[in-house]
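Data block below; observations after.
Just so it is clear, the model here is predicted, and its values are computed rather than measured. To find a chain, count down the sequence lines: A is the first, B the second, and so on, and within it residues start at 1.
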Amino acid sequence: MVRVRYAPSPTGLQHIGSVRTALFAYLYARSQAGVFLLRIEDTDRERYDEASLQDIYDTFGWLGLRWDEGPDVGGAYGPYVQSERLDIYRRHAARLVDAGFAYYAYDSAQELAAQREASDGKGGYDRRFRDMPEEQLASYRDSGVPAVIRFKTPLDGSTRFDDVVLGQLSWKNEDLPADPVLMKSDGFPTYHLAAVVDDHLMEISHIMRGPEWVPSTPVHVLLYEAFGWEPPVFCHLPLVVGEDGKKLSKRHGATRVLEFRERGYLPEALINYLVRVGWSYDDKQEIFSLEELERIFLLDRINKAPAVFDYQKLEWLNGYYIRECAADSLAQALLPFMQRSGLIADPPDEADIRTVRDAVPLIQERLKYLADAPGLIRFLFEEPDFDPEEMVPKKLDRGETAALLEAVLPLVAQIPDATDEENEERFRAKAAALETRLGNLLMPIRVAITGSRVSPPLFGSIRLLGADSSVRRVQKALQRLKESR
RNA sequence: GUCUCCUUCGUCUAGUGGUUAGGACACCGGGUUUUCAUCCCGGCAACAGGGGUUCGACUCCCCUAGGAGAUGCCA
């Protein structure tokens, strides 16, 4: 039985890297008909942040990735919050001390900092309490200095493990972190202890996590050995980096995942994009639905090398998924963005909903982001403001433009009652009669109606706006064009 | 500094000893089109460098260079 976990710590908002890790774990569990579970690693009470915890639920709720076991849904291996498992860690740490694999240490933060400094960035702890005789130890114990429990990493020999992605990895034990802390002085475990204990007790079969854990994996392997447990399969995912090749952070743009929702990305697009960062299926397919991924996602197609997060490709996918979207659901998805830009009320009234829905066919293939919609159809909700000069087509002047507009005005009122084909035919005939180009006729109207030279298709736009408003806007624009001569 | 990992077009990647090194995004050009967008066609563009092994290396080995991660009583 494949059991994988996503184990975020509520110390920061969910970002691209963490969600990519979760996605891979989720997909692998699904493809193996296994279990995907959420475990909250809240053992750092210094950095604990309530909002970050909520962000985890909000993020995955939006993405539509559900766990089979977790704090909110329960399960047979709980509790799924580490701060609720403290006595489990205490017991296991004590067990290691009793068996001679770990010991109490009484260093102060200052002493440790001084040691680090003295070692000239090389790290390294002097292990002073590791083999301290009992008589000496007693004085520390009685002094009331808070103790930590440290793990005795072997002084010689080597530790190796197999990683699904990286292959066989090996360390000399002397290069390992010197006696890492297992239990902190505040009674909370460190990641090393908590993760190992929980992964074992929760019967995790595959540890899928970011590459920053590779260097501490040998310590984890040693811990499994000390406990007499069989380690799970390790699977370290490649890093997601920014364009500068460095670990993704705020300076690379939107890294907080929910910000992608605010910017008008579709979860399908983000998921599809993310799955291709560090994973491939074959040499052809780029588009994957979540449902398909849940069937075909395999670990052996995971890449080793770090991958650059490419916003342009994400943008393309987002446009693709917007185009694929059913009109009604797209309209629905657009409403919050219309509200946020103040064009429609919250809650929206019937007429506004209808307008948005009717506008969808006009703008669907023009949207790269949901947030683009308000800009494209703003003219349906309020009168545009524009420079009359915008109406003048290339190679024409204001006078000529005004004359064309005047000549074509009667046709505008008829637009809503005719098909696009009929309208086009009429305008083409008119253009021919006036010995001008079709574009020279339509551009001034386009600007008069929408306020911009770039807009959704004109006839459809006018149909939505209605004959009266449309004619009024053209007349008004004509007036301004003449006046400003 | 030390340890570990990584290295195919600008980017994501396919490729597992013999390929014109394939696809996608981006970019450039062309076509369709009432603007924009979509769509269609075409183009540019890569095996980090050096040694081996081999009849033959992008593929295997070694070295170098570059990059990244780690080096916490954070995860």
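Under the Watson-Crick and G-U wobble criteria, each requiring two contacts below 3.5 Å, nucleotide B/rA26 is left unpaired. With a cut-off of 3.5 Å on both pairing distances, the Watson-Crick or G-U wobble partner of B/rC39 is B/rG31. Base pairing analysis places B/rG72 opposite nothing; no Watson-Crick or G-U wobble pair with both distances below 3.5 Å involves it.
Within 4.0 Å (heavy atoms only), A/L112 reaches at least one base atom of the nucleic acid. Within 4.0 Å of A/P10, counting heavy atoms only, lies no atom of the nucleic acid at all. At a threshold of 4.0 angstrom between heavy atoms, the contacts of A/P8 with the nucleic acid are absent. Nucleic acid contact for A/F459: base, since at least one base atom lies under 4.0 Å from a heavy atom of the residue. Within 4.0 Å of A/P180, counting heavy atoms only, lies no atom of the nucleic acid at all. Counting any heavy atom pair closer than 4.0 Å across all strands shown, A/V454 reaches a base atom. Residue A/L438 is classed as a sugar-phosphate contact, given heavy-atom separations below 4.0 Å to backbone atoms only.
Note: CG (A/L317) to C1' (B/rU11) measures 13 Å, nearest angstrom. With rounding to whole Å, A/K394 atom NZ is found 11 Å from B/rU35 atom P. Here B/rA70 presents its P atom at 12 Å from NE2 of A/H192, a figure rounded to the nearest Å. Atom pair A/R276:CZ and B/rU11:C1' shows a separation of 11 Å (rounding to whole Å applied). To the nearest angstrom, P of B/rU33 lies 20 Å from CZ of A/R453. Here B/rA37 presents its P atom at 16 Å from CG of A/L362, a figure rounded to the nearest Å. Atom CZ of A/R116 is separated from atom C1' of B/rC74 by 12 Å (rounded to the nearest Å). Computed from coordinates, the A/Y191 OH to B/rA70 P distance equals 13 Å when rounded to whole Å.
The nucleotide whose nearest atom lies closest to any side-chain atom of A/K184 is, among B/rC73, B/rC25, B/rA70, B/rC73. The side chain of A/A305 approaches B/rU7 more closely than any other nucleotide in the set B/rU7, B/rU13, B/rA37.
Of the side-chain N and O atoms in A/T190, none sit less than 4.0 angstrom from OP1 or OP2 of B/rG72. Contact annotation: A/K284 side-chain N/O to B/rG23 OP1/OP2 distance is not under 4.0 Å. For A/N303, a side-chain nitrogen or oxygen approaches OP1 or OP2 of B/rA14 to under 4.0 Å. Distances shorter than 4.0 Å separate none of the side-chain N or O atoms of A/R437 from OP1 or OP2 on B/rU34. Look at A/R323 and you won't find any side-chain N or O under 4.0 angstrom from OP1 or OP2 of B/rA37. For the pair A/R47 and B/rC73, the criterion of a side-chain N or O lying under 4.0 Å from OP1 or OP2 is not met. Between A/S455 and the phosphate of B/rC36, there is no side-chain N or O to OP1/OP2 separation shorter than 4.0 Å.
Classification of A/R463 and A/D420 as a salt-bridged pair holds, one side-chain N sitting under 4.0 Å from a carboxylate O. One finds a salt bridge joining A/R45 and A/D186 here, because a Lys/Arg side-chain nitrogen approaches an Asp/Glu carboxylate oxygen to under 4.0 Å. Residues A/K313 and A/E315 are not paired through a salt bridge, judged by the lack of any N-O separation under 4.0 Å between the basic side chain and the carboxylate. With salt bridges taken as basic N to acidic carboxylate O contacts below 4.0 Å, one links A/R5 and A/D199.
When all heavy atoms of A/T11 and A/S52 are compared, the closest pair comes out as C-OG, 3.7 Å.
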Protein-nucleotides 64-68 of chain B N/O pairs closer than 3.5 Å?
from	atom 1	to	atom 2	distance (Å)
B/rA68	OP1	A/K246	NZ	3.4

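On a pure distance criterion of 3.5 Å, a polar donor-acceptor pair joins the side chain of A/E286 and the base of B/rG23.
Remark: A/R20 qualifies as a cation-pi partner of A/F24 under the 6.0 Å distance and 45° angle criteria applied to the six-membered ring.
The aromatic rings of A/Y273 and A/F309 sit perpendicular to each other, their planes meeting at more than 60°, with 30° as the lower class boundary. Using the six-membered ring where Trp is involved, A/H220 and A/Y191 have ring planes that are tilted, between 30° and 60° apart.
Every side-chain contact (heavy atoms from CB on, under 4.5 Å) that A/R95 has, sequence neighbours left out, goes to A/H92, A/F227, A/W229.
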